Amino acid sequence: MERSNTLFDDEFLKKLEYLNLISKQMVPGHLHGEHRSKKKTNSGIEFSDYREYVSGEDTRNVDWRTFLRLDKLLLRTFEEEADLPIYIFIDSSASMDYGNPSKFDHARKIAAAMCYVGLMNQDRVNLIGFNSGVDKQLSARRGKSQVWNTFQFLEAMTTRGSTSMVRSFKGFFSSRRRRGLVVVISDFLDPSGFERAFDMLRHYRQDLFAVHLYETEEREPKLPDEVLLKDAELGTIERVKITPSLMDSYRELFDSHSESIEAYCKKNGWGYINTSTETPFEDLVLQVFRQGRFLK
Amino acid sequence: MANPGLVTGLAVASLLIIAILYWIKPPPPTVIVSSSILWTRLMRERKRSSILDKLRRLLSILIACIIAVFIVAASGGPELISSEESEIKNATIVMDNSGTMATLTRDGSTRWEHAVEVAREILMGSHPSAEFLILDTSGQIVSRVANTKWKALEELEKLSISFGDNVQYPVLRSRDARLVFISDGVSSIAVPAMTETISVFEPAENVGITSLTVSSGLSESASAPRGFVQVTNGSLNVKEVVIGVSGLGGKNTRESLTLKPDSSVTSVVDLTEFQDGPLRVSVTSVRDAFPKDDLAYMVKPLSSKSKVTLVTSGNVYLESALEAMSNVEFSVIETESYDPMDVTDVYIFDRFKPEIPPSVPTLEFLIAEQSSQDIVSVGSFRSLGDHPVLRGVTLSDLRIEKVSSPSFITDDSEILWGDIETPLLIAKILDKKSVQVGFSLEGSNFPLQPAFPIFLANTIDWMLESNVPAFVKQGRVVIPTDNALILDLDGNSIEANVFDGHTIFHAIAPNLYSIRQGSDRSWMPANLTNYNYTLVNKSRLNSGAFSGVGIKSDDRLNEQIKPNLWSLLVSISLLLVALEWFTYHRRITV
């Protein structure tokens, strides 16, 4: 499979194969579609529990041996085997087009790796590009054959506009969606903040894994004494006189912004990873795997 | 201190420049950031809290302005004024820079260095607004414009000791200023009344050469060339002196003498063994404080015989006198045999005027046609003058009965004896030297005078000697030669000017100059042989006045060193520059 695209070249694909292999080693016994659902059914392979028989129910699952012993009609229940929907949200706002390589390219590579592993695990992978709302989406895909579709989708994505996670999540989850794992790959530089958006995910009872991307120079900007800072998303200009104390304050604010996201995620039992674009994407993906949230 | 108005103007101008530079500072660059959310939040918080941020620009401008004002103010040379200096006293300081000021004192420095130090003290201890006029006794400073102390210090540093004879108190305009004369009191300078004289005199020991002459032997009874070295003890003590003579060919001579204070002795040195050319004479004595007069040079003249041709119809006096001269190769020819192309050094024409004059020097005894009504007579032992031709010629009961017509005098003639109406002896220096005697030997008893052979020898000596003087004094030297190359003893070329066919340069004592013109070369010693210099203790001032002034201990000097305001300003400016550098790099200032 010769691919000329620079974003997902052969080297990248090799890395994906490697990541997939590693993911299998990290989660022993992990099988296709083996994600457990909390829903109990009367059919299935893995026994879950007993419950009392209700008149009119199918008698095939009645445990007759127990009836003989206890003189009670009990039905055997099984755990439903359900494939896990994965919703990968990629921030495609203008702020992501920053750095070299850009945060957006990095985000797409991470998303591609997650898609690949997910599709290989027979998960239902949804890809959603968002900025001020849902920009583009690739509805649920499953199976290895969908790998190139997802790659094409990712390659076709572009950055533009401002960020609004609230509107994006609201737009996506307002149509009935199954509960699943929501992966948000973003710089989380949302003018309206991240709290409301995350509250919304909680409301929809989604599991969240936040991948917080930043460019090293965003944290340690090299700026002259006095500078006009132009916002790449909003176009607003801020006149700033740079002082060492201001730079210290900025770094503190930057870190506290990350910490507040992490704290929110922790509080809700969600996963969070904070990484710069200098970190190789495969390392980041392995970090995600290690957290055990993505692979079950 | 510079003009305060000018300094203020400069300060204001520099402040304006700084303000304009800050005002026209280019706008800050625009940098695109992924999001300014954090920056906006940060700035909102800081704007409420930080006053320093608002003051950064002002602080930066303030530091720059202070630096500029301090530097401009420092360039004006302001000083801290003590109460002692509060009174403005203008002064004229006359520096005695005559030769004896080069005398060394006990501390190893010269009287001149002490004098300069005294003058410097006066200047430095004065009010910044006081004006000073620095003058000297050798005329090195011509300007009569008073200056600030700093300019005066510059003038003072330019002055040097002059060994010339032209030493005099400078002509001063009457001005309402303190008049200070700093001198050792040795030179006989008339000092005006109301002059505050500061003495830098200190008794010193000195023995020096006060006279040096050389005799070729032509005009002397002895035929051997000899040098006459006069040595004078200018010390206050008896001195043991060694006179040394060195030159090419001969064995160096040394003669030891004992000299009483203020006494002189003449040593005769036989130069026979030495080759023709320059000789060095030195005087050595212990603790000599004035080394400039310890060395002198002389030149031994050519020792070959001069060829003299007498053209005459017969003159027994001349023939006898010339025959007696050992250094003259003498020949007599008849007037008819005269040929201007004949090779000879000197022609003597006796009552003969050739149609074609020779190219060599001539001594002419003119035809005395005019009978003098008043017979010229000279009393007993009268010297006729200072000209080299008449040196040592003293006459007794001279009578002259026939004189020549004065028409032979031309514009180039120098009357050596007689007057314009009755010229008896004239000399001419044109392309060659000539001496004309305006009376006949037969019509006078001049040939019978004992001085007649001396006159003849002097005349031949003078006519054969180079145009370059045998000795010169220090200072301005005029050589009657056009475009001569002058080299000193070390072979360095001396800067000279050409004026009216003469080469003029300044001789610095003592030295032996080589004068070159084409292939001709001659020597010219410039010696400091002068009683006025050697007698370094003949001061009108006493040394008591010197003890309080001039020589200072280091402690006294240190007391006088005080921080000037300008240096303080410069130091503060440097500190502020360092502060600005620090604050700028720490981004405290912009």
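For clarity, every value in this text was computed on a predicted model and none was experimentally measured. What's counted below: heavy atoms across the whole structure, side chains too, no hydrogens, waters or symmetry copies. Naming convention: chains lettered A, B, ... in sequence-line order (proteins, then strands); numbering from 1 in each chain.
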Under a 4.5 Å heavy-atom cut-off, does chain B meet the side chain of A/E233, its backbone, both or neither?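 It is both, since atoms from each part get that close.
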At a heavy-atom separation under 4.5 Å, does A/D97 approach chain B through its side chain, its backbone, both, or neither?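 Neither part, no heavy atoms under 4.5 Å.
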Gap between atom [atom2] of [Y] and atom [atom1] of [X] - 0.5 Å precision:
X: A/K230; Y: B/T30; atom1: NZ; atom2: OG1; result: 7.5 Å
X: B/L42; Y: A/R251; atom1: CG; atom2: CZ; result: 11.0 Å
X: A/S249; Y: B/L38; atom1: OG; atom2: CG; result: 12.0 Å

Where is the tightest heavy-atom contact between [X] and [Y], given as atom of each residue plus distance?
X: A/A232; Y: B/I32; result: CB-CG2, 4.0 Å
X: A/V227; Y: B/P29; result: CG2-O, 3.3 Å
X: A/Y98; Y: B/V33; result: CE1-CA, 4.1 Å
X: B/M43; Y: A/R239; result: CE-O, 4.2 Å
X: A/D231; Y: B/I37; result: OD2-N, 4.2 Å

Heavy-atom neighbours of [X] [atom1] exceed 12 at 6.0 Å:
X: A/R160; atom1: CZ; value: no
X: B/R144; atom1: CZ; value: yes
X: A/K170; atom1: NZ; value: no

Student check: side-chain heavy atoms of B/W39 and A/L246 closer than 4.5 Å: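 Counting from C-beta outward, B/W39 and A/L246 do come under 4.5 Å.
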Less than 4.5 Å apart, any side-chain heavy atom of B/S35 and any of A/D187?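 Counting from C-beta outward, B/S35 and A/D187 never come under 4.5 Å.
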Donor-acceptor pair between A/E215 and B/S34 side chains, under 3.5 angstrom: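 There is no such pair (donor and acceptor under 3.5 Å, judged by atom type) between the side chains of A/E215 and B/S34.
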